[in-house]
Structures are given as structure tokens and as C-alpha cells.
Protein chains: 2
Amino acid sequence: MSISHLFKNAPLQLKAILRIVGEEEPIFGPGRLQLLENIEKTGSINQAAKNMGMSYKKAWQMISSMNTQAEKPLITTQTGGNSGGGAVVTDEGHEVMRYYQGLQKRFQAFLEEESKNLHV
Amino acid sequence: MSISHLFKNAPLQLKAILRIVGEEEPIFGPGRLQLLENIEKTGSINQAAKNMGMSYKKAWQMISSMNTQAEKPLITTQTGGNSGGGAVVTDEGHEVMRYYQGLQKRFQAFLEEESKNLHV
DNA sequence: TTTCGTTATTTCTACAAAGATATAACGACC
DNA sequence: GGTCGTTATATCTTTGTAGAAATAACGAAA
């Protein structure tokens, strides 16, 4: 039932990254969740990317991927204006965020339960 | 509760790769399980790697990583001999295989249950 | 002693992914 | 009309990873 005694580094861990994918291309995962959270906070793709230490290009690619796969965009953007423009998480975006957060919570619970089995 | 109606490609999927890790370095996962299965079958790292379309180098690195992290090696090898040498999965190796197989089964059950929630 | 297929290891090459850079367009505000 | 910070996009460069290739060592069997 246990396995940790077989290895030198006692603190064995279970890790997994949960992703929602469609037709090979990823739709949602932990990185995209964090990106949306930061866009919500800053109102800007640029600022959100900087906060995460991510290039604008990568952030934009993620958003483009999500939006093109979604019926309605998860994020809307506008260029120009007094602050130069900005980005907003739509209702649909919020819905996906909430769903994934719940999913991840249940997933973490599973991993923690199984982690107990690893040790003794 | 559902989310699939928000996306164009109806067949949404949940995907995750479960790994046992220790001190940052991976210890066991689906690729290593498959490798051990093939070594069991062929008695050779070389043949196992070929069966999987994997380079010998990569296979050897996986084995080296597992063995150095384990108290006792999961795989033993010998060079030379009538057939040139070979590799054998040890009792400890089998124990890890069995554990991971059970773990993965429970994991798949979790994913399938959650996948139902994605649709309708 | 030669042959053979394997393990074990290093080095080189190629390619893909990531990042940096550059540039255009936009529109509210002054 | 000029300024500003942003979105949007193309292109170039760098870097990291994977794989290919080469080589040595090994030991049973012929």
C-alpha cells in the first residue's frame, strides 16, 4: 500500500497539472487561470503579463487560443482611449474561471488523499 | 455546473499526467511505467526503447534517474554475455509498477467522473 | 582470440519553442 | 494635432531540448 520506503528522499509528492483540452489544443489550465486573474486585477494584458513574468506575446497567444475556441470571447479588448486601451474578463470568462477553480479544489483533495497513502 | 456550452468543439476533455516526484526530480510516471513494462517483456533496454520509439539515451536517463533515487535499483543491468547483456526489473521495480498502476486506475476514475460534469 | 549485441557515455547537430525587438494602429484627452 | 499606453502582429535571435552518431567496455560462446 505504501511505497516511500523504497526511495531515498522521504518527502515523495504526487503532482499533476489539470487541463481542459479540446481537439488537441489546450483550452484552460492553471496558467490561463492566473492570467485571467491578473487581467481582472490590472485591466490590461500588458500589465498582467508583466506581473506574471510572462511575455506579452505569450499572454496574447493564450488569450487568442481561448477566445477562438469559445463561442463568445472570454476576454474582450479595446485599443486606444485615455489609458491606451485595456482588457476585460467577460461573464463567460468568469464562468470558466469559477468552474476551473472548483474543479481544481476537488482535484487537490484527491491528490492530498492519495499522498497520504504514499507515506507509511 | 457545466461548461461545454461555452465552447465550439463539443468534445471537451479533461487531461492530466500523474507523476510521483521527489526533490523536484520526477521519480515515476506513465512513460516510466511503459518503459518498465517493455523491459520486462524484452529483457533489454535497447529493445524496449525501440518498441516505444524512444532513443536509448532517453531510456537510459530515465532508468538512471529512477535507480539513483531508489534505495535499491528498480532495474538491474549486465553487459556482455552470450546475448550481449540485458536488463531486469527487480522486485522493488515490480512493487512500484503495481503501486502506480493502482494509483492511475483511481485517478482515471476521478477524471471520468469529473468529465461527466463537463458535458451537460 | 574473435565475434556479437548489449550497456554506458560523450559529443555534435538540428529543430522547435521562447524571447526580444520593431512597428503599426487606435482613440480619449490635453 | 500631438501625446500616451495599450493592443496587435511580424520578424529576428537566442536558447534549450531531443535525437543522432560515435565509441568504449563487457563477457559468454564459438
Partners meeting salt bridge (charged side-chain N to carboxylate O under 4.0 Å, His left out) with E25(A) (sequence neighbours left out): none
Residues that Q47(B) engages under side chain to side chain donor-acceptor pair (under 3.5 Å), provided they are two or more places apart: none
Contacts of type side chain to side chain contact (heavy atoms under 4.5 Å, CB included), residue N46(B), not counting sequence neighbours: S44(B), K50(B), Y56(B)
Side-chain N,O (T77(B)) to OP1/OP2 (dA8(C)) below 4.0 Å: yes
Those residues that, when tested against E40(B), pass side chain to side chain donor-acceptor pair (under 3.5 Å) (two or more places apart): H94(B)
Working for side-chain contact (heavy atoms from CB on, under 4.5 Å), residues M54(A) and Q34(A): CA-CA 11 Å; M54(A) 174 185 287; Q34(A) 193 187 351; over 6 Å; no
Residues in side chain to side chain contact (heavy atoms under 4.5 Å, CB included) contact with H5(A), at least two apart in sequence or another chain: S2(A), E95(B)
Strand contacts (DNA chain C) in residues 29-52 of chain A, 4.0 angstrom heavy-atom criterion: none
Nucleotide-resolved protein contact map, nucleotides 12-30 of chain C, B/S/- at heavy-atom distance under 4.0 Å: ------SBB-----BBBS-
I63(A) CD1 to dT9(D) C1', straight-line distance once rounded to whole Å: 14 Å
What side-chain donor-acceptor pairs closer than 3.5 Å can you find for residues 71-82 of chain B, not counting sequence neighbours?
none

Summary of ring-ring contact (aromatic ring centres under 6.0 Å, His included) pairs that have at least one residue in residues 19-47 of chain B, sequence neighbours excluded: F28(B)-Y100(B)
Length of the CH2-C1' vector between W60(B) and dA24(D), whole Å: 14 Å
With E113(A) via side chain to side chain contact (heavy atoms under 4.5 Å, CB included) - residues at least two apart: K116(A)
Degree of bending in the helix from dT1(C)-dA30(D) to dC30(C)-dG1(D) once both end axes are built from five pairs, to 10°: 10°
Whole-Å gap separating C1' (dA18(D)) and OH (Y56(B)): 17 Å
Contact summary for G93(A) and L36(A), nearest pair of heavy atoms: O-CD1, 4.2 Å
Pair listing, salt bridge (charged side-chain N to carboxylate O under 4.0 Å, His left out) test, anchored in residues 99-109 of chain A, at least two apart: R106(A)-E114(B)
Gap between atoms CD and P, on Q78(B) and dG27(D) respectively (whole Å): 10 Å
